[in-house]
Amino acid sequence: MENDAQNKPKDWLLPGSILAAAIIIAGSVIYSTGLKNYAPQDSVTASSTSLAQNNAKAVKISEADVILGDPSAPVTIVEFGDFQCPFCAKFFKEIEPQIRKN
């Protein structure tokens, strides 16, 4: 009887499942934290500054555009919305009136 217990192959399903779950959980934690703290602050500031400069050059107002306010204002807000999107609806109801007022 002892020979049968020694010759029986080990059941690796439970330890393998635990290991796979641990790897998945660790990966999701790493993914959810992202690379927020990975880039140095100077490179983030430099890249956002150059991005703002590129965007300022790219925005051109034509006669077909619907604009509100002064076309030569220092700040330009371009809004893209979807009438089926609940977040766009929330923006339209809550944020847009504040932007128009200010």
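Note that the structure is predicted; figures quoted are calculated from it, not measured. Hydrogens, waters and symmetry mates are skipped; everything else that's a heavy atom, side chains included, is used.
- Summarising the hydrophobic clusters (Ile, Leu, Val, Met, Phe, Trp, Tyr; side-chain heavy atoms under 4.5 Å, direct or chained), the residues clustered with F83 are none.
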Review item, side-chain donor-acceptor pairs of residues 14-29, under 3.5 Å, at least two apart:
unit_1: S17; atom_1: OG; unit_2: L13; atom_2: O; d: 2.7
unit_1: S28; atom_1: OG; unit_2: I24; atom_2: O; d: 3.3
unit_1: S28; atom_1: OG; unit_2: I25; atom_2: O; d: 2.8

Which side-chain N or O atoms in residues 90-101 pair as donor and acceptor under 3.5 Å with protein atoms at least two apart or in another chain?
unit_1: E96; atom_1: OE2; unit_2: R100; atom_2: NE; d: 3.3
unit_1: E96; atom_1: OE2; unit_2: R100; atom_2: NH2; d: 3.1

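- Across all their heavy atoms, C88 and G81 have their closest contact at SG-CA, 3.8 Å.
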